[in-house]
Amino acid sequence: MRGRLTVGTMLAALLTNLALAGCGTALPAEVDTELTDDWVKVADVKGWVPEAGVCLGAAPKDTGRYTDSVVDCAKTHHAEVVHVGEFPGLTAAPGPKDTAAAFAECDKQSATYLGRPWGEARLELTLAVPTPSAWDGGARWFRCDVTEVSSVFDEMNWVKREGSLKGAVPAALVVGCTHTQDKGATIVKMPEVPCTKAHNSEFVGFYRASMTTAYPKSERQWNVIHDKCQELAAKFIGVSTGSANRIGVISSPHNAEAWASGDRVVRCSVWFYDGKTMKKSAKATKGKGVPGW
């Protein structure tokens, strides 16, 4: 049995540059009237670049500026900058393939910063990029922001928090067991519950689909997504991938807009359907005690 869940959205952001202007009238002959011949072309000016390791006071949005509110991480904030990278050799604005590569770098670098992959917790990773005007001014950076959210499966809202996540993601934020409510193949709700209480699903991992993978709409396209989630579930439980087709899974990609932009993250959960539950984690059980195994 396989379930579908579409949640959240990833937003791209950032930056604007100041424009320079000059004028001149009736100046003495000894004054250089060709002021702009000594200026660096605007397209060659890189301007402001964000810093990693700082926290942001505002909720993630699709545009941002060098004036974005930077606050002490010990105080209330929305997001934490876990990495700043660069688009190498690009002249045109980044497309979906460039964005996907940036997300992959964000995943890797954020895991080092946080001490674990961001997708294992109630966190969302947002990619911020320069605005068109800043890009024309030479900006080629991208910024990886991590934000706490209320849920990674149900309605996702930004959560204000205090304290840095660097090297210390709280255990309370780590995603574990859930109790899934479904209507057929559609998941209605997936509230988190302690693994010691009766539950019928458990988060097993996340991955990023390739650029050749279509956003799932048809049964065939969903099966491509589910197959990868079943592989992650088999590894999580500790059984061979050859027996993965015995495992029920729930696949949770972001929406079609995020997918088209290059953000192709998919969260995966093992699912004990038909009313079956367990009262412990399925991790490393090798199927022992797992319903339906």
Closest non-hydrogen atom pair, Val249 against Ala233: CG1-CB, 4.1 Å

Inter-residue atom distance Lys183.NZ - Lys189.NZ, 0.5 Å rounding: 12.5 Å

Joint cluster assignment, Val49 & Leu56, ILVMFWY side-chain distance < 4.5 Å: yes

OG1 on Thr241 to CG on Leu232, rounded to 0.5 Å: 11.0 Å

Contacts of type side chain to side chain donor-acceptor pair (under 3.5 Å), residue Ser151, not counting sequence neighbours: none

OG1 on Thr277 to CZ on Phe272, rounded to 0.5 Å: 9.0 Å

salt_bridge(Arg161, Glu80) N-O dist < 4.0 Å: no

Test log, rule side chain to side chain contact (heavy atoms under 4.5 Å, CB included), inputs Phe236 and Ser269: CA-CA 10 Å; Phe236 181 85; Ser269 299; over 6 Å; no

Whether Glu192 side chain and Thr178 backbone form a donor-acceptor pair below 3.5 Å: no

Aromatic ring pairing Phe206/Trp118, orientation class (parallel under 30°, perpendicular over 60°, tilted between): tilted

Under 3.5 Å side-chain donor-acceptor pair for Ser261 and Thr99: no

Residue pairs, two or more places apart or on separate chains, that pass ring pair (Phe, Tyr, Trp, His ring centres under 6.0 Å) and touch residues 72-101: Phe87-Trp135, Phe87-Phe142

Gap between atom NZ of Lys235 and atom NZ of Lys283 - 0.5 Å precision: 10.0 Å

Pairing residues for Arg267 by the side chain to side chain donor-acceptor pair (under 3.5 Å) criterion, not counting sequence neighbours: Glu124

Closest heavy-atom pair and its distance - Thr180, Ser201: OG1-OG, 2.6 Å

Check: Lys228 and Val266 side chains under 4.5 Å, non-hydrogen atoms: no

Linked, directly or transitively: Leu90 and Phe103 (ILVMFWY side chains, under 4.5 Å): yes

Approximate separation, where rounding is to 0.5 Å, of Ile237 CD1 and Glu202 CD: 8.5 Å

Heavy-atom pair with the smallest gap, counting every atom of Ser110 and Leu125: OG-CD1, 3.8 Å

Atom pair CD/OG1 of Gln181 and Thr186 - distance to nearest 0.5 Å: 13.5 Å

Backbone N/O of Val149 and side chain of Arg122: donor-acceptor pair under 3.5 Å: yes

Residues that Glu162 engages under side chain to side chain donor-acceptor pair (under 3.5 Å), provided they are two or more places apart: Thr76

Derivation of the side chain to side chain contact (heavy atoms under 4.5 Å, CB included) call for Val146 and Tyr113: CA-CA 11 Å; Val146 166; Tyr113 184 94; over 6 Å; no

Candidate pair Arg143 and Leu127, rule side chain to side chain contact (heavy atoms under 4.5 Å, CB included), full reasoning: CA-CA 6 Å; Arg143 194 181 74 189; Leu127 182 71; over 6 Å; no

Verdict with reasoning, Phe203 to Cys268, per side chain to side chain contact (heavy atoms under 4.5 Å, CB included): CA-CA 6 Å; Phe203 173 75; Cys268 305; 5.9 Å; no

Hphob cluster co-occupancy, Trp141 + Val70, side-chain heavy atoms under 4.5 angstrom: yes

NZ/NE/NH1/NH2 to OD/OE distance under 4.0 Å, Arg140 and Glu86: no

Lys108 bridged to Glu105 by N-O distance under 4.0 Å: no

Short side-chain to backbone donor-acceptor contact, His199 and Met278, under 3.5 Å: yes

Taking every non-hydrogen atom, the tightest pair across Asp154 and Pro191: OD2-N, 3.4 Å

Any side-chain heavy-atom pair of Asn157 and Glu155 under 4.5 Å: yes

Verify same cluster id: Val193, Val175 (apolar side-chain graph, 4.5 Å): no

N/O donor-acceptor pair under 3.5 Å between Asp227 side chain and Val224 backbone: no

Taking every non-hydrogen atom, the tightest pair across Ala282 and Val290: CB-CG2, 4.0 Å

Whether Trp271 and Tyr273 hold their rings parallel, tilted or perpendicular, with breakpoints at 30° and 60°: perpendicular

Arg264 side chain vs Ser210 backbone, donor-acceptor pair below 3.5 Å: yes

Sidechain-backbone polar pair: Thr147 side chain, Val159 backbone, donor-acceptor under 3.5 Å: no

Tyr215 side-chain N/O to His254 backbone N/O, donor-acceptor pair under 3.5 Å: yes

Contact list for residues 163-188, test ring pair (Phe, Tyr, Trp, His ring centres under 6.0 Å), sequence neighbours left out: none

Considering all heavy atoms, the nearest Asp145-Ala128 contact: OD2-CB, 4.3 Å

Residues which pass side chain to side chain donor-acceptor pair (under 3.5 Å) with Thr91, listed by chain and number, not counting sequence neighbours: none

Any donor-acceptor N/O pair, Gln221 side chain to Ser218 backbone, under 3.5 Å: yes

